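See structure below.
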There are 2 protein chains.
Amino acid sequence: MQFDGAQNGALPLMTRACAPQSCDQCGVRDRAICADLSETDRDALSRIGRRVTLHAGQTVMWEGDDSMVVANVIEGTLKLATSTGDGREQIVGVVYASDFIGRPFGARTPHSVTALTDARLCLFPRGRFDGFARDHGDLQHRLLQRTLDDLDRTRAWMLLLGRKTAREKVATFLLDMARRLQADPTGTIELPLSRQQIADILGTTIETVSRQMSDFKRRGIIALVGRRGVRLVDGAALEALAEGV
Amino acid sequence: MQFDGAQNGALPLMTRACAPQSCDQCGVRDRAICADLSETDRDALSRIGRRVTLHAGQTVMWEGDDSMVVANVIEGTLKLATSTGDGREQIVGVVYASDFIGRPFGARTPHSVTALTDARLCLFPRGRFDGFARDHGDLQHRLLQRTLDDLDRTRAWMLLLGRKTAREKVATFLLDMARRLQADPTGTIELPLSRQQIADILGTTIETVSRQMSDFKRRGIIALVGRRGVRLVDGAALEALAEGV
DNA sequence: CCCATGCATTGACCTCTGTCAAACCGCCGG
DNA sequence: CCGGCGGTTTGACAGAGGTCAATGCATGGG
């Protein structure tokens with residue numbers, strides 16, 4: 001079971017919307033789906049959306065809700081999750097700056113979206129975004145590319161969930177995070193996830209994650225610094241463990 | 001580990017290609033991604049592709065291969081699969097008539113595609129398909145819709161793989177098949193999958209699948225007829241088991 | 001600066017499911 | 001119609017990992 005800090009969702013988003021601002025200073029404008037748009041088109045799209053600030057723990061959309069909004073992630077990390085009726089949770093995706101979230105061209109949001117860190121979004125009403133996308137082949141193509149990539153990544157993750165051991169899962173996870181996150185000068189990465197959330201990604205329990213990490217540490221393969229910090233000492237060994245060797 | 005009947009792949013496909021034939025008699029032309037195309041456009045697309053027949057067990061594409069072809073499934077059932085280095089396999093999707101297979105707009109095929117039953121495809125060279133799709137917004141939109149749906153389904157399956165018990169997995173699987181497959185007059189469905197393949201979908205073993213099914217049968221919830229036949233006697237009970245009640 | 005709170009770690013135990021092995025039996029070919 | 005093959009079922013057993021519980025220890029508020 002998963003307790004998020006602030007479960008107050010959409011309403012505070014409204015109140016925290018910033019004044020419209022141009023895409024000029026947007027940190028992700030070359031990587032987000034709007035990257036290929038002409039200046040005019042991008043301005044038009046920008047006027048449909050609004051910038052929104054999120055605190056860690058806030059949920060933007062809930063599983064099963066009507067699909068009302070979609071967004072670009074400008075900054076921060078968020079999780080996508082589904083749960084069983086009795087509260088077991090599975091994280092089905094983690095999104096980073098420049099990623100796209102929400103369910104365009106569909107009535108329902110199939111999973112919840114919750115900020116793991118403080119985050120900023122460029123939020124669009126779904127209906128207006130859909131309309132805009134239909135008229136702009138470039139945008140739609142970019143969205144298709146991204147969705148195809150997501151699908152590939154998601155399917156690769158199914159292999160982990162269905163067939164890998166706890167040790168392989170944790171090793172794979174650490175390598176994945178190291179690839180995604182920027183290490184500090186000492187080579188340490190700061191995980192944007194708690195142990196519980198890591199367990200929810202890997203389809204295991206907090207205790208198993210902890211035991212595996214302690215084991216890696218004992219073997220000198222990683223170093224743990226504080227609660228969220230990890231330094232990969234022996235990457236090759238970790239790769240081997242991830243492959244089940 | 002998984003042994004497929006004929007592991008001879010692409011070559012026989014060539015030899016079995018039929019003479020080009022129009023889309024007029026195509027059984028999936030109202031449901032496949034080409035459904036929205038004008039008659040002229042559909043003919044143009046049709047001329048890019050060719051009809052191909054597949055026998056159960058034949059593999060059309062292998063994981064990691066260059067992405068050379070994409071296809072519509074005209075008839076039959078196929079599996080999409082990935083495996084670990086040491087041969088553990090996970091089925092990441094099952095596709096039916098009117099579904100689309102292959103990796104457009106990408107260099108690599110991220111999973112293998114293998115026929116579970118005899119099948120017929122409408123096969124396109126990827127490069128030419130990509131080009132055509134770029135010029136036809138309707139086709140691209142339809143492909144996007146389908147990919148978004150696939151992604152939703154795949155993420156829902158992650159919950160099963162990561163968080164459900166063996167009993168819940170098998171119950172969920174049977175309900176899923178009952179929804180997809182047409183039952184005969186006695187209410188029996190013919191599974192297009194062996195026990196091993198079911199295990200590869202559910203991330204478990206053949207023995208566990210078999211034990212769960214025997215248990216359901218003992219309880220009078222399902223009836224097993226022959227090797228592949230299943231009749232759902234008490235659907236409500238199965239729904240309950242699928243939810244972990 | 002220190003304490004309290006909540007996350008993380010560690011331990012003990014137990015169960016579910018995987019593994020190995022044998023028996024069973026549909027289904028196809030002769 | 002029969003026999004054998006290959007998929008399936010069943011059994012016995014072991015172990016990975018889940019559960020419950022206690023302890024440890026970062027981190028932030030007073």
Side-chain angles (χ1 to χ4, degrees), chain A residues 1-5 55-57 84 86-90 116-117 160-171 173-174 188 190-200 202-219 222-230 241 244, chain B residues 1-6 56-57 84 86-90 116 160-171 173 188 190-200 202-219 222-230 241 244:
Chain A
M1 201 40 156
Q2 171 81 30
F3 292 95
D4 297 319
H55 291 296
T84 59
D86 59 340
R88 285 168 283 172
E89 173 165 317
Q90 177 66 45
L116 295 171
T117 62
L160 175 140
L161 289 174
R163 291 299 182 201
K164 293 197 175 180
T165 64
R167 169 167 305 155
E168 292 165 350
K169 285 180 178 182
V170 175
F173 168 79
L174 289 173
T188 304
E190 182 84 359
L191 301 176
L193 300 149
S194 70
R195 293 288 185 272
Q196 179 61 62
Q197 287 161 346
I198 296 172
D200 288 342
L202 300 178
T204 182
T205 60
I206 183 172
E207 293 93 337
T208 297
V209 172
S210 184
R211 272 188 260 266
Q212 291 302 331
M213 288 188 132
S214 297
D215 186 49
F216 293 170
K217 177 181 160 190
R218 205 171 305 122
R219 301 207 224 173
I222 63 172
L224 298 176
V225 11
R227 262 177 207 186
R228 297 284 184 104
V230 185
L241 290 175
Chain B
M1 199 43 154
Q2 172 78 31
F3 293 95
D4 297 319
T84 59
D86 59 342
R88 284 168 284 173
E89 174 165 318
Q90 176 66 47
L116 295 171
L160 175 140
L161 289 174
R163 290 298 182 203
K164 293 198 177 182
T165 64
R167 168 166 307 155
E168 292 166 350
K169 285 180 178 180
V170 175
F173 168 79
T188 304
E190 184 84 359
L191 301 175
L193 301 148
S194 71
R195 293 289 186 270
Q196 179 62 62
Q197 287 161 346
I198 297 173
D200 289 342
L202 299 179
T204 182
T205 60
I206 183 172
E207 293 93 335
T208 296
V209 172
S210 185
R211 272 189 260 267
Q212 291 301 332
M213 288 187 130
S214 297
D215 186 48
F216 294 170
K217 177 181 159 189
R218 207 170 306 121
R219 300 208 224 172
I222 63 172
L224 298 175
V225 10
R227 264 177 203 186
R228 297 283 182 105
V230 186
L241 289 174

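Just so it is clear, the values below take in all heavy atoms, side chains as well, and ignore hydrogens, waters and symmetry mates. Naming convention: chains lettered A, B, ... in sequence-line order (proteins, then strands); numbering from 1 in each chain. All values reported here derive from a predicted model rather than from experimental measurement.
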Note to self: Go nucleotide by nucleotide along DNA chain C from the 5' end; which of Arg167(B) and Lys217(A) gets its closest nucleotide reached first?
What the structure shows: Lys217(A)
Note to self: For Arg163(A) and Arg195(A), find the nucleotide of DNA chain C closest to each by heavy atoms; which residue's nucleotide sits nearer the 5' end?
What the structure shows: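 Its nearest nucleotide lies further toward 5', so the answer is Arg195(A).
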Establish, with yes or no, whether the OP1 or OP2 oxygen of [N] is under 4.0 angstrom from a side-chain nitrogen or oxygen of [X].
{"X": "Ser194(B)", "N": "dG7(D)", "value": "no"}
{"X": "Ser214(A)", "N": "dT10(C)", "value": "yes"}
{"X": "Thr204(A)", "N": "dG18(D)", "value": "yes"}
{"X": "Thr208(B)", "N": "dG18(C)", "value": "yes"}

Item checked: Lys/Arg N to Asp/Glu carboxylate O, Arg211(B) vs Asp215(B), below 4.0 Å -> no
Whole-Å distance between [N] [atom2] and [X] [atom1]?
{"X": "Glu207(B)", "N": "dC13(D)", "atom1": "CD", "atom2": "P", "answer": "16 Å"}
{"X": "Met213(A)", "N": "dG24(D)", "atom1": "CE", "atom2": "P", "answer": "22 Å"}
{"X": "Leu193(B)", "N": "dT8(D)", "atom1": "CG", "atom2": "P", "answer": "10 Å"}
{"X": "Ile206(A)", "N": "dG17(D)", "atom1": "CD1", "atom2": "P", "answer": "17 Å"}
{"X": "Gln212(A)", "N": "dA8(C)", "atom1": "CD", "atom2": "C1'", "answer": "15 Å"}
{"X": "Lys169(A)", "N": "dG18(D)", "atom1": "NZ", "atom2": "P", "answer": "7 Å"}
{"X": "Leu224(A)", "N": "dT10(C)", "atom1": "CG", "atom2": "C1'", "answer": "14 Å"}
{"X": "Ile222(B)", "N": "dT8(D)", "atom1": "CD1", "atom2": "P", "answer": "14 Å"}

Item checked: Residue whose nearest DNA chain D nucleotide is more 5′ - Arg228(A) or Lys164(A) ->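 Its nearest nucleotide lies further toward 5', so the answer is Lys164(A).
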Report yes or no: is there a donor-acceptor pair, N or O only, under 3.5 Å between the side chain of [X] and the base of [N]?
{"X": "Gln197(A)", "N": "dC7(C)", "answer": "no"}
{"X": "Arg211(B)", "N": "dT19(C)", "answer": "yes"}
{"X": "Arg227(A)", "N": "dA26(D)", "answer": "yes"}

Checklist line | Heavy-atom check, side chain of Leu241(B) versus side chain of Arg219(B), under 4.5 Å | finding: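 Heavy-atom side-chain distance check passes, below 4.5 Å.
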Notebook entry, point to check: Do Leu174(A) and Met213(A) come within less than 4.5 Å of each other through their side chains, counting heavy atoms only?
Noted result: yes
Check: So, does Arg163(A) use its side chain to make a donor-acceptor pair with the main chain of Arg88(B) at under 3.5 Å?
Finding: no
Next item on the list: For the pair Lys217(B) (side chain) and Leu224(B) (backbone), establish whether a donor and an acceptor sit closer than 3.5 Å, ignoring hydrogens and angles.
Entry: no
Note to self: Can you identify which nucleotide, out of dA8(C), dT8(D), dT10(C), has its nearest atom closest to the Arg218(A) side chain?
What the structure shows: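 Minimum distance to the Arg218(A) side chain belongs to dT10(C).
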Check: Side chain of Thr205(A): nearest nucleotide among dG18(D), dG18(C), dT9(D)?
Finding: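 Of the options given, the side chain of Thr205(A) lies nearest dG18(D).
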